[in-house]
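Working notes, structure below.
Computation of the quantities below employed the complete heavy-atom set of this structure, encompassing side-chain atoms and omitting hydrogens, waters and symmetry-equivalent molecules. Labels below follow one simple rule: chain letters A, B, ... track the order of the sequence lines, proteins then strands, and each chain is numbered from 1.
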Amino acid sequence: MINLRQKLERQCKLALMRAFPKACDGGKLSGKPINPQLVRTNNPEFGDYQINAALQLTKILKKAPRDIATSIVTELTKNEEFASICDSPKIAGPGFINLTIKPERLIQELITRLEDNRLGIPLAETNDGKRITDPIIVDFSSPNIAKEMHVGHLRSTIIGDSIARVLEFRGHNVLRLNHVGDWGTQFGMLINHLKSVAPEALTKANAIDIGDLVNFYRKSKERFDSDNNFRERSREEVVNLQNGDPTSLKAWKLLCKQSRDEFQKIYDRLDVRLTERGESFYNEYLQDVVDDLDALNLLVKDDGARCVFLEGILGKNNKPLAIIIQKSDGGFNYATTDLAAIRYRLNPSPKGDGACRVIYVTDSGQSNHFNGVFQIADRANWIPTGKKIEHVPFGLVQGEDGKKLKTRSGETIKLKSLLDEAVNRAEFDLRRRLKEEDRKESESFIKLVSETVGIGAVKYADLSQNRITNYQFSFDKMLALHGNTAPYLLYAVVRIAGIVRKGGSLATIPKQLEFTEKQEWDLVKELLKFDDAINDVEEELLPNRLCNYLYELCQVFNRFYDQLPVLKAKGSSKSSRLALCLMTTNTLKLGMNLLGIPTLERM
RNA sequence: GGGGCUGUAGCUCAGCUGGAUAGAGCGACGGUUUCCUAAACCGUAGGUCGUGGGUUCGAGUCCCGCCAGCCCCGCCA
């Protein structure tokens, strides 16, 4: 209820200014404007919102908090707009002012949203009411070429996608960038190996399918580690590639294409859309980074390498921490690439993306790195005022033993096999249930439900946890039918679809809604919190806020569903309850969609 | 040695500009189905919010110290 809340906030400020004009003027002068401290209550018995300002003002005003509260309430009730939104405010406890939204106002709000295909979520605008056109970049997923996607890419891909979806829905122009590792020293050995095992691939088109890239990578690494001659030729190959040698370039492109095709299978399955723009894209901008930092006198030669020493961050020996921009052999490394990327992304078109906000979704192990790089970009004045670059870190994926997730033999878990297992388990569970309930379903139904539940469970388990902390991966927990899981949420949607199948129509929205039961009002109020949840995700980039909301909505809905009949209700009660079902299913479908999880009609 | 993150019920986790009695789920114990998918709902038990200070009318939340765990720390990304 962002709009109602904003109106209330305005009325509260007005009331404060009228009740205590001197103190408010003083607050303005001192740069600390007096805030009504309007917050949502945590307990329904205190109404919907509460004003906490009275307690804080006791010192400034030298009055008892309840007296201050009385003065605020007096001013509030004089105001017509306030009176049209809230019942008369109540002073409670040491000086809280409890506000309750009028039921007719809640119904009005609900009807507005029922008729709005955006469910009351506004499009993002600037302060003066214009649409925001500058893109927001979300940099996520970022696997390495010639390697398979593994569990380490899971969180970035899922969290990044959800953040991008929420921003897109709010109307932002979102550029989803896949900053793949497609450059660097490892390509020397890969190209070298390719040339020796499949030279025909470099002369004919589509001559070869490398097939198992992981195996290919492993074999070339083995040779690199054991064969001096091979190692030497690999180093030369890196130079060839960087100098733009056509054959090396062709080999490189071939490897990239192979990887890209493999990645795409996973992205298709996860329904994640990405624009590939690998590290190599920034090659031509690297030298400028060095030159410009040098011109700004930020570069220092140390031990043969050219570095920027960070301010306020000490490394070993109590010396400022150095970030290497150019290696002693003249090569660049990842800090250089990231700096070039920052410049390109923030530079206006056509020399850049002209982004207003750049979001990096990577594991928290890179926090130090981004801290350093952002500081350098800032000191070089490469971040125009009003533009934001932010690291969105997330914790490790751990097994149920609390250690980094590995296979039993200690290897990294492939993303594909992880998804397969989730889907297989969902299928097994579904078949068992069908048998128990003596239901017959087609194979295509079983496949669809298993895939949706399995993949949805993996995504939801990840998203529903605060991303900052490490995340304990458990198939049993994510696929559980109870608790804060994808199956529980999916089931609520299915229940509503069941009502429709049994003769309830959600097609027409009644002009008048009538609610008499507590369970109905609880659901109304919960439904109206959706915009707050979306707002939270956009501001704090925490998708778990949306998950928590959807979960709570399901709990409130299930209580309603369990305790009140819908189809057997009479007259306006039936149509009003159907309207609640419609709003609930619309909210769940949209909410799940913003998490990247499709819903089902039956399961 | 330096830096970052985390520490909340037996377990996994929420806790939104500091606000009233710290919330879920799992697990445990007990109850509910002639009724829209019981894949649900209701109830009981379970917490000195790592620890010691400080700020505040008020601290799980902010500041400082300490303890524990995880991660990172110049020529890989």
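Side-chain atoms of A/F46 lie closest to B/rA20 of the nucleotides B/rA14, B/rG19, B/rA20. Nearest to the side chain of A/A305, among B/rA14, B/rC75, B/rC5, sits B/rC75. Side-chain proximity of A/E437 to B/rA77, B/rA39, B/rC16: nearest is B/rA39. The nucleotide whose nearest atom lies closest to any side-chain atom of A/R433 is, among B/rA39, B/rU56, B/rC73, B/rA39. Taking only side-chain atoms of A/I324, from C-beta outward, the nucleotide of B/rC36, B/rC75, B/rA77 with the closest atom is B/rC75. Between B/rA20, B/rC70, B/rA39, one nucleotide has an atom nearer to the side chain of A/N470 than all others, and that is B/rC70. Closest to the side chain of A/R559, out of B/rC42, B/rC75, B/rG19, is B/rC42. Comparing B/rG15, B/rA39, B/rG74 by their nearest atom to the side chain of A/L430 picks out B/rA39. Side chain of A/L55, nearest nucleotide from B/rU17, B/rG19, B/rA14: B/rG19. With B/rG74, B/rG15, B/rU21 as the candidates, the nucleotide lying closest to the side chain of A/E45 is B/rU21.
The distance from atom CD1 of A/I145 to atom C1' of B/rA77 is 14 Å, rounded to the nearest whole Å. The interatomic distance linking A/F309 (CZ) with B/rC75 (P) rounds to 13 Å, in whole Å. As a whole-Å value, the separation of A/Y551 OH from B/rG23 P is 15 Å. As a whole-Å value, the separation of A/K319 NZ from B/rC73 P is 18 Å. Following rounding to the nearest Å, A/H369 (NE2) and B/rC75 (P) show an atom-to-atom distance of 14 Å. Distance CE (A/M149) to P (B/rA77): 20 Å, rounded to an integer number of Å. When the P atom of B/rG74 is taken as reference, atom CG of A/L314 falls 15 Å away, rounded to whole Å. Separating the CZ atom of A/F473 from the P atom of B/rC13 is a distance of 13 Å, rounded to the nearest angstrom.
Across every non-hydrogen atom of A/A422 and A/L479, the tightest pair is O-CD1, 3.9 Å.
In the interface, the side chain of A/N558 is not paired with the base of B/rA39 through any donor and acceptor atom under 3.5 Å apart. Put simply, the side chain of A/S367 and the base of B/rC5 share no donor and acceptor less than 3.5 Å apart. At a cut-off of 3.5 angstrom, counting only N and O atoms as typed in the model, there is no donor on one side facing an acceptor on the other between the side-chain of A/D562 and the base of B/rC41. Judged by atom type and distance alone, A/Q50 reaches the base of B/rA20 through a side-chain donor-acceptor pair under 3.5 Å.
Counting any heavy atom pair closer than 4.0 Å across all strands shown, A/G181 reaches no nucleic acid atom. Using a 4.0 Å heavy-atom criterion, one finds that A/D363 contacts no nucleic acid atom at all. Here A/L564 lies in heavy-atom contact (under 4.0 Å) with a base. Within the 4.0 angstrom heavy-atom criterion, base atoms lie near A/N98. Nucleic acid contact for A/P487: none, since no nucleic acid atom lies under 4.0 Å from a heavy atom of the residue. A/K404 comes within 4.0 angstrom of no nucleic acid atom, judged by non-hydrogen atoms across all strands. At the heavy-atom level, A/Q326 lies nowhere under 4.0 Å from the strands shown. Looking at heavy-atom distances under 4.0 Å, A/A92 makes contact with a base. Nucleic acid contact for A/L321: sugar-phosphate only, since backbone atoms but no base atoms lie under 4.0 Å from a heavy atom of the residue. A/R439 comes within 4.0 angstrom of a base, heavy atoms only. Using a 4.0 Å heavy-atom criterion, one finds that A/V500 contacts no nucleic acid atom at all. Among the heavy atoms of the strands lying under 4.0 Å from A/L38 is at least one base atom, whether or not backbone atoms are also near. Using a 4.0 Å heavy-atom cutoff across all strands shown, A/S364 reaches no nucleic acid atom at all. Here A/N544 lies in heavy-atom contact (under 4.0 Å) with sugar-phosphate atoms only.
The partner of B/rC70 is B/rG4, by the rule that a Watson-Crick or G-U pair needs both atom distances under 3.5 Å. Summarising the base pairing, B/rC41 is matched to B/rG31 through a Watson-Crick or G-U wobble pair whose two defining distances lie under 3.5 Å. In this structure B/rU21 sits in no base pair that meets the Watson-Crick or G-U test at under 3.5 Å. The pairing partner recorded for B/rG58 is none, the criterion being a Watson-Crick or G-U wobble arrangement whose two distances lie under 3.5 angstrom.
Taking atom C1' in both B/rG15 and B/rA59, the straight-line distance is 14 Å, to the nearest Å. Only the C1' atoms considered, B/rG58 is 10 Å distant from B/rA20, to the nearest whole Å.
Side-chain nitrogen and oxygen atoms of A/N333 include none within less than 4.0 Å of the OP1 or OP2 phosphate oxygen of B/rG74. Residue A/R306 has no polar side-chain atom (N or O) positioned under 4.0 Å from OP1 or OP2 of B/rG74.
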Original post:
Can you list the steps and then say if A/C581 with A/F560 is a side chain to side chain contact (heavy atoms under 4.5 Å, CB included)?
Top reply: CA-CA 10 Å; A/C581 290; A/F560 160 88; 4.2 Å; yes

Original post:
side chain to side chain contact (heavy atoms under 4.5 Å, CB included) between A/S142 and A/N178: does it pass, once the steps are laid out?
Top reply: CA-CA 5 Å; A/S142 311; A/N178 201 1; 4.1 Å; yes

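Side-chain atoms of A/D338 and A/Y282 include no donor-acceptor pair closer than 3.5 Å. In summary, the side chains of A/Q555 and A/R559 do not present any donor paired with an acceptor at a separation below 3.5 Å, with no hydrogens or angles considered. No side-chain donor-acceptor contact under 3.5 Å links A/Y549 and A/D532.
For an aromatic pair to be called close, the ring centres must be under 6.0 Å apart, and A/F332 with A/Y334 fails this.
Along RNA chain B, the nucleotide nearest A/L481 and the nucleotide nearest A/N466 are compared for position; the residue whose nucleotide lies closer to the 5' end is A/N466. Between A/Q56 and A/H179, the residue anchored closer to the 5' end of RNA chain B is A/Q56, taking for each the nucleotide with the nearest heavy atom.
In this structure, the side chain of A/R467 engages the main chain of A/P393 through a donor-acceptor pair within 3.5 Å. Side-chain atoms of A/R155 come within 3.5 Å of backbone N or O of A/G395 as a donor-acceptor pair.
We find that the ring of A/F96 and the base of B/rG19 do not stack by the test of centres under 5.5 angstrom and planes tilted less than 30°.
Using a cutoff of 4.0 Å between basic side-chain nitrogens and carboxylate oxygens, A/R425 and A/D429 are not scored as salt-bridged.
B/rG74 has its base syn relative to the sugar, with a glycosidic angle deviating from 0 by at most 90°.
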